[in-house]
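Counting starts at 1 for both ligands and their atoms, following the listed order. The structure presented is a predicted model; accordingly, all values stated were derived computationally and were not measured.
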Amino acid sequence: MSFVSLKNIVKRFGSVTAVHRMSLEIEKGSFVTLLGPSGCGKTTTLRMIAGLLDPSEGEIIIGGQQVNDLPIHKRNLGLVFQNYALFPHKTIAQNVAFGLKYRDVSKDESVKRVRDALDLVQLPDLGDRYPGQLSGGQQQRIALARAIVIEPSVLLLDEPLSALDANLREDMRIELKRIQHQTGITTVFVTHDQSEALAMSDRVIVMSKGRVEQIGAPEEVYNKPASEFIARFLGTSNILEAVCNGISGDEVELTAAGLGRIVLPKTQVGDLNTSDQVKIVIRAEKLHLLPLTAKPDLQFSVEGVVETVDYQGQAARYFLRVGDLQLQAINMIESSPFSEGEQVSVRFRPGDIVCIPGGTE
Ligand code: ATP
């Protein structure tokens, strides 16, 4: 059931429209992520849900109540931003208790809730320290404890991990997810980092230029990108022009630029007619490189040359030349990677192709 709804939300800043008629339904207890490049309107959307910005048009509903005119402190939301903004001269326990100060919570209850919140973020012994005595990761956990202690109906997180170094970010995203599962708080998370969004979310809302491009489970937006923008933004994709030659029974025949004739099941290409232009997307990890001597298999196969190898330890990213095409492949390495200049067999399963309508960018 939907717990947070945005209905036809528009936000204008003077002549700039940051959010264009956005509608969203967020289920109770779910973890959703607003994902998109810088400037696409993620923070503006989150700030409108928080009550830090007023929408120019549209309605925001939380828990069945229209909140457009409800001030931030009456929305019962937990907020965590990139800069954790702890009070430096208050102890950790006082920082966490701050959110309870203006609520009707007894002293005993406050002490208990602060203790529970510190337990939840797995820092039970730091209550007497000051923020300056904590690492960045610990401070961010405290900011989370401070947001959670009020038992918010929605937790709003704006790039909360981006100030942390790479290893800590990975630890913290596991931690955040655990805390969200444990508490069941409906959570809206903003990030421009696709791996964070894919790893943490129940649903990902991909935004571009103030509009929603696609909403779906992480594997859905990754495996079935609805537009060229998403195929380019998430993961590494080869995107080729193709034309539909004809449809026969359950099969569709395409001619793809540089690859030639490819036959796909009709269910895979959507609504398509003969002569329609489409774009086909082949994810870099779905292009498999084999030695030229490898036996033919059921995959589509063309010959190519490795132009550049970007060695990544357990995997390599290859830049390939196939006729006039430049393709990218990301393959796990079993022994040693292919070398630059090497001729290879480039293969993929037609079933791994995603078709998107031509000219959607
Ligand atoms: P980032 O990842 O860089 O934070 P974002 O997706 O969160 O980006 P927003 O901060 O929501 O993007 O900004 C969306 C658009 O609205 C941008 O073009 C931005 O310049 C504009 N914008 C945001 N706040 C204001 C403001 N107060 N006044 C004018 N324009 C603004």
Side-chain angles (χ1 to χ4, degrees), residues 4-26 31-62 67-69 71-72 75 77-85 136 139-140 143-144 147 154-166 168-170 172-173 176 186-201 203-216 218 221-222 225-235 361:
V4 179
S5 304
L6 271 55
K7 294 192 190 296
N8 292 312
I9 290 293
V10 176
K11 181 62 190 177
R12 285 184 282 268
F13 295 105
S15 59
V16 176
T17 304
V19 176
H20 297 260
R21 228 154 268 297
M22 181 165 174
S23 292
L24 267 189
E25 300 292 337
I26 298 172
F31 190 122
V32 302
T33 297
L34 298 174
L35 172 70
S38 183
C40 73
K42 309 177 294 286
T43 295
T44 302
T45 304
L46 197 81
R47 292 174 77 85
M48 287 191 283
I49 300 173
L52 292 163
L53 280 176
D54 291 329
S56 311
E57 288 179 39
E59 267 190 305
I60 298 177
I61 295 165
I62 300 177
V67 296
N68 287 44
D69 298 322
I72 176 167
R75 293 192 188 190
L77 305 170
L79 306 177
V80 182
F81 298 113
Q82 179 181 337
N83 49 343
Y84 358 97
Q139 290 188 42
Q140 194 55 304
L144 193 60
V154 185
L155 189 59
L156 302 174
L157 309 171
D158 192 353
E159 305 256 5
L161 310 183
S162 50
L164 308 177
D165 68 45
L168 202 52
R169 277 178 87 128
E170 296 219 345
M172 271 301 285
R173 71 190 197 195
L176 245 182
T186 309
T187 301
V188 187
F189 180 80
V190 160
T191 185
H192 60 270
D193 181 325
Q194 49 165 298
S195 59
E196 252 170 47
L198 296 175
M200 295 170 75
S201 324
R203 287 174 85 67
V204 180
I205 298 158
V206 189
M207 293 181 68
S208 164
K209 299 178 185 158
R211 293 189 163 84
V212 172
E213 285 269 329
Q214 188 172 2
I215 301 179
V221 290
Y222 188 82
S227 65
E228 185 171 348
F229 165 79
I230 296 176
R232 289 192 190 282
F233 185 66
L234 289 180
E361 180 75 322

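In this structure, Lys42 contributes its side chain and Gly36 its backbone to a donor-acceptor pair below 3.5 Å. Remark: the backbone N or O of Leu35 is not paired with any side-chain donor or acceptor of Thr33 at under 3.5 angstrom.
In terms of heavy-atom proximity, Gly58 sits nearest to Ile9 at C-CD1, 3.7 Å. Heavy atoms only, all atoms of each residue included: Glu213 and Ser208 are closest at CG-CB, 3.6 Å. Shortest non-hydrogen contact noted between Asn68 and Asp54 is O-OD1, 4.3 Å.
Inter-residue side-chain proximity for Lys7 and Glu25 is flagged as met; some heavy-atom pair is nearer than 4.5 Å.
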Would you mind listing each N/O atom of ligand 1 next to any protein N/O under 3.5 Å, plus the distance?
| residue | atom | partner | partner atom | Å |
| --- | --- | --- | --- | --- |
| ligand 1 | 2 (O) | Lys42 | NZ | 2.9 |
| ligand 1 | 3 (O) | Ser38 | OG | 2.6 |
| ligand 1 | 6 (O) | Gly39 | N | 3.4 |
| ligand 1 | 6 (O) | Cys40 | N | 3.0 |
| ligand 1 | 6 (O) | Gly41 | N | 3.0 |
| ligand 1 | 6 (O) | Lys42 | N | 3.1 |
| ligand 1 | 6 (O) | Lys42 | NZ | 3.0 |
| ligand 1 | 7 (O) | Thr43 | N | 2.8 |
| ligand 1 | 7 (O) | Thr43 | OG1 | 2.8 |
| ligand 1 | 8 (O) | Gly39 | N | 2.7 |
| ligand 1 | 11 (O) | Thr44 | N | 2.9 |
| ligand 1 | 11 (O) | Thr44 | OG1 | 2.5 |
| ligand 1 | 12 (O) | Gly41 | N | 3.3 |

